[in-house]
Amino acid sequence: MELPKTYDKSREDEIYSRWIEKGYFRATPNPDKKPYTIMMPPPNITNQLHMGHALNNAIQDILIRVKRMQGYEALWLPGTDHAAIATETVVVKALAAEGITKESLGREKFLEKMWEWYDKYGNTIVNQLKKLGSSADWDKLRFTMDEGLSKAVLEVFVRLYEGGKIYKGERLINWCTKCQTSISDAEVEHEDKEGNLYHFKYPVGDGFISFATTRPETMLGDTAIAVHPEDARYAALVGKSATLPLMNREIPVIADSYVDPAFGTGVVKITPGHDPNDFEIGERHGLPRINILNDDGTINENGGHYQGLTTAEARTKIIEEMTSLGLYIKTEPLSHAVGEHDRCGTVIEPLLKEQWFVKMDELAKPALEAYTSGKLKFNRERFGKIYKHWLDNIRDWCISRQLWWGHRIPAYYCPDGHITVQATAPSKCATCGSTNLTQDEDVLDTWFSSALWPFSTLGWPDKTPELDYFYPGNTLVTAREIIFTWVIRMVFSGIECMGDIPFTDVFINGIVRDDQGRKMSKSLGNGIDPLDIISEYGADVLRLMLVSGNAIDNDTRFYYERLDPARNSLNKIWNATRFILMTSTTSGEQSRLQADELLAYVSRPDAQLETEDKWILSSLNTVVKDVTEKIEAHELGMATQKIIDFIKDEFCDWYVEMVKPRLYSKDETARPSQEMAQNILRHVLLTAVKLLHPVTPFITEDLFLALQNKEETIMLSAWPQHNPALDFPHAEREIENLKEAVRGVRAVRTEKQVPPAKKIAILIQPDAANTAITTAKEALGFLAGASSVETLTDVPPAGAISVVIPGATIYLPMDSLVDAEKEKSRLAKEKARLEQEIARIDGKLSNQGFMAKAPEALVNAEREKRENFVQMLAKVVGELE
RNA sequence: GGGAGUAUAGCUCAGUUGGGAGAGCGCCUGCCUUACAAGCAGGAUGUCAUAGGUUCAAGUCCUGUUAUUCCCACCA
């Protein structure tokens, strides 16, 4: 197989198509294998893929590919669009552009149109994710609105209703006046805004009582004035009634411990219809709840002569009226939090509405228990804390939404107001038998159905082999912001419906910011489309860039400059493969050896391994172990870095260079050694490529196919195993010394400005026989650019430059180039360095505390180092004299 | 108001049981050496924010401070 000279990203589509065609992504219940299930969060299907998706997707794909290679029946269960609200917004807009509106078509027809649109464009995000190399089992994907999930949603609703865990009631909900719907607490964004604190007073008996408010318009809905029960200033007023002048309404002065006597005047006006706290106080004191707002945010008939005004207009007029009544005191600026709808930015009005709620106290308990017992784990403890904190302070979940697009609530009303809840439309009222029934107009919060994803996609409520095999799953990878809206709800829904948590590991990743550290967003226009990056660099490069050199749980910034190093690394690996393929053509025998046979070949007992062969096998062995461990610990950045570093720094820079003399040898007797080198090159690279495959799936597939022809895909090849028989610690030390020698000679060459093309003679004086310096003479000579490498038994020639390394002294006869004075100062520097090192170690070894308490292995290691330095120092001193 | 993260080389960031400060980019020098100039070799660069504490030993653990980011929250 011929590879082009530079890394070729253009084959990604072709490779992906082949994977799909071969069905490598599919997972089915298989009793001979262990299941592994990973779940993916729901990107909004109608939106563009963004960088956050790319990172998240890369992480999940890495985990799932490793598991597949490790022999698990690994299912990546994809979620897609659950964001019904956003979908509706987008679809409605798109249809409106064609002149089609809800009003013009009516509900049924309009929904039909929306379905059409959804079918037509709904796969956008899926296709985008495929570009990234996402190996989810897309066959398992079902959209939010499909039949299977609808069935599950209805089943859960009815079940919870019958169990008393869903109720309907008048509560203050977050109302978006623009979207005309209620939204959940999690969808409200609080932002500090500069506002005003207005001070007013109401007449009480003969006097007045003063208070402050940030929202004067809500005075229209006031039904009480509250003070603290132990506040002596107002004790006499409690029980009396004040006058709300705007409405000429008498309202009681009540005492409630909610009021902070130290804040402001210690008096609070109570508006149960428009403030959550006031609502609760109203509950305690049996106060009437007055709603003064229409759904569009204007004042309704309860606002008297203010009816029809917007809240802003009403506010101005009320201040005017209060002023003219002499009841206005003052205005002072105040910065306070204002809630806004996260999708449209409209200020949220707390509004009284009949809504459906899920009672959370009972559902929250087992979800909390799952975490505190350690069954549910987070990749970082701090994310677990967020989860716990939310559950500790759980409030009932408002699940009804006033939208057209979504699962309609299966509640049916008869004219007498009786409620019948059942999955299929009932023919008559369960209470009175009336056949005149109408279904609730509201639909369910999109997260209500999303929460069922882990099991509804596997067939629940039916009993299916998939559900039995793949549930409970293993890992959920998602972003921090979705812990409340999705993670927690999946957990308690799973416990409620399946009796077990849907996954045991939650992997929270950071978000990708722009180069200034800002969140990428549409409004800022600073988003970077991953597809643009892919078309320029390829998915592998993007994935490698996103994953390497980062702690994935931390936020990361996107820099275009970071793409080049990632691409360069891949190009390096690409070319290493080319080199190996080129040199292998010198012999036909070993090119027939296949992936698994290579390992057997290099590790058989009679293998004629050179020191450098043992060293690289041993290093590879360590890398296999480290990388596997790091991935298990979800430390993907470090795992990736270790693979890349090994391939570039150890394999390419040293091993490949070391064996070149063997490969190029024309000597027939060198043939076995040559073949061994070729096979080890192949084995080591093949193994490293496998380790890298989860991160950069496409290039590694190409290289895998080029390096062997027995297996048809790297995706299903076996994950490398650490093999104790291939540990060679002695060879590792030898080669480290050899590297020291090479580096030493190279440094001297640079310093003396010896042209790279000019070869120089090298004389080695080993401290003992059989060190790598003598056994790997050929490699040393090649790496250091030597014309000859001789072992020195006699005294060194006069004027030769000496390089002291552990285990040997190297002499470079360079008479014409040597400046004796400079040479002395170089050696003196080296002497000083060694003396410093020895002094540092002596400091430790003479410290009684250290000797008494430090681990023995550490003490021995320090002693060994000292010994080494002392020997080197002696040689340096010898040279100086 | 409560909680959490971050602070390490000029830049962007790694550094997970505490044991000789790292990478990439950039910079300097020399090389188109028969896998790779998207490359190779050599080199310079740090009061690990700050003040204390624990320890034989702290970038790493504890406490305070400063800067910065994020999440949560009903304070009129």
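A, B, ... follow the sequence lines: proteins, then strands. Residue 1 opens every chain. Below, all heavy atoms of this structure are taken into account, side chains as well, without hydrogens, waters or symmetry copies.
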With a 3.5 angstrom cut-off on both distances, give the Watson-Crick or G-U wobble partner of B:A4, or none if there isn't one. B:U69

B:A14 to B:A9 separation - C1' atoms, rounded to the nearest Å: 13 Å

Under 4.0 Å, counting only non-hydrogen atoms across every strand here, what does A:P855 touch: a base, just sugar-phosphate, or nothing? base

Could you measure between the two P atoms, the one in B:G46 and the one in B:C11, and give it in whole Å? 13 Å

Who pairs with B:A9 - Watson-Crick or G-U, where each distance is under 3.5 Å: none

Positive for side chain to side chain contact (heavy atoms under 4.5 Å, CB included) with A:V268, one of A:V259, A:V227, A:I281: A:V259

Between B:C48 and B:A58 - P atom distance, rounded Å: 13 Å

Any side-chain N or O of A:N571 under 4.0 Å from OP1/OP2 of B:G39? no

By nearest nucleotide on RNA chain B, pick out whichever of A:R395 and A:K630 is the more 5' one. A:K630

Could you identify the nucleotide paired to B:G46, looking across every strand shown and requiring Watson-Crick or G-U wobble geometry with both distances under 3.5 Å? none

For B:U45 and B:G10, measure between their P atoms and round to the nearest Å. 11 Å

Between B:G20 and B:U63, how far apart are the P atoms? Round to whole Å, please. 25 Å

Calculate the interatomic distance between A:N868 atom CG and B:G20 atom P; express it in whole Å. 17 Å

For nucleotides B:G1 and B:G53, find the distance between their P atoms and express it as a whole number of Å. 30 Å

Under 4.0 angstrom, heavy atoms only, what part of the nucleic acid is A:F869 near: base, sugar-phosphate, or nothing? base

Roughly, in whole Å, what's the span from CE in A:M545 to P in B:A23? 20 Å

What nucleic acid atoms does A:F383 come within less than 4.0 Å of, heavy atoms only: base, sugar-phosphate, or nothing? nothing

Rounded to whole Å, CZ of A:R866 lies from P of B:G19 at a distance of 23 Å

Consider the side chain of A:K865, meaning its heavy atoms from C-beta on, and name the nucleotide among B:G5, B:G20, B:A14 that approaches it most closely. B:G20

Do the side chain of A:R567 and the base of B:A38 come within less than 3.5 angstrom through a donor-acceptor pair of N or O atoms? yes

CD1/A:I251 to CG/A:L244 distance, rounded to the nearest 0.5 angstrom? 5.0 Å

Distance criterion of 3.5 Å, no angle test: do you see the side chain of A:E381 paired donor-to-acceptor with the base of B:A4? no

Could you tell me how the ring of A:Y198 sits relative to the ring of A:F200: parallel (under 30°), tilted (30 to 60°) or perpendicular (over 60°)? parallel

Any side-chain N or O of A:K752 less than 4.0 Å from the OP1 or OP2 oxygen of B:G30? no

Would you classify A:A576 as touching base, sugar-phosphate or nothing, given that sugar-phosphate means primed atoms plus P, OP1 and OP2, and contacts are heavy atoms under 4.0 Å? base

Give a yes or no answer on whether the side chain of A:R749 reaches the backbone of A:K758 with a donor-acceptor pair at less than 3.5 Å. yes

Spacing of the C1' atoms in B:G19 and B:G5 (rounded, Å): 28 Å

Base B:G20 paired with A:R840 side chain (donor-acceptor, <3.5 Å): yes

I need the CG-C1' distance between A:D626 and B:G15, as an integer number of Å. 14 Å

Rounding to an integer number of angstrom, what distance separates B:U12 and B:U33 when you compare their C1' atoms? 33 Å

Rounded to the nearest 0.5 Å, how far apart are CG of A:D222 and NE2 of A:H274? 10.0 Å

Atom CD1 of A:I173 and atom C1' of B:C74 are separated, to the nearest Å, by 16 Å

Determine whether a donor-acceptor pair (N or O, by modelled atom type, separation under 3.5 Å) exists between the side chain of A:N196 and the backbone of A:T331. no

Is the cationic atom of A:K269 (NZ for Lys, CZ for Arg) positioned less than 6.0 Å from the six-membered ring centroid of A:F211 and within 45 degrees of its normal? no

A:N277 side-chain proximity, nearest of B:C71, B:G20, B:C74: B:C74

A:D392 CG to B:A4 P, in whole Å, measures 14 Å

Could you identify the nucleotide paired to B:U29, looking across every strand shown and requiring Watson-Crick or G-U wobble geometry with both distances under 3.5 Å? B:A41

Hey, are A:N575 and A:Y7 close enough side-chain-wise for a donor-acceptor pair under 3.5 Å? no

At under 4.0 Å between heavy atoms, what does A:K5 touch on the DNA or RNA strands: base, sugar-phosphate, or nothing? sugar-phosphate

Under 4.0 angstrom, heavy atoms only, what part of the nucleic acid is A:Q836 near: base, sugar-phosphate, or nothing? nothing

Smallest heavy-atom separation, A:I552 atom then A:G637 atom, equals CD1-N, 4.1 Å

Using a 4.0 Å heavy-atom cut-off across all strands, classify A:F211 as base, sugar-phosphate, or nothing. nothing

Just checking A:N554: base, sugar-phosphate only, or nothing, at a heavy-atom cut-off of under 4.0 Å? sugar-phosphate

Watson-Crick or G-U wobble partner for B:U60, using a 3.5 Å limit on both distances? none

Earlier contact from the 5' end, RNA chain B, for A:F579 and A:D653: A:F579

Round to the nearest Å and state the distance from A:R578 atom CZ to B:U34 atom P. 13 Å

side-chain N/O A:K385 vs B:C72 OP1/OP2, d < 4.0 Å: no

Quickly work out the A:N847 CG to B:A57 C1' distance and round it to whole Å. 8 Å

Just to confirm, is there a sub-4.0 Å distance from OP1 or OP2 of B:A35 to any side-chain nitrogen or oxygen of A:Y664? yes

With heavy atoms under 4.0 Å as the rule, sort A:K269 into base, sugar-phosphate or nothing. nothing

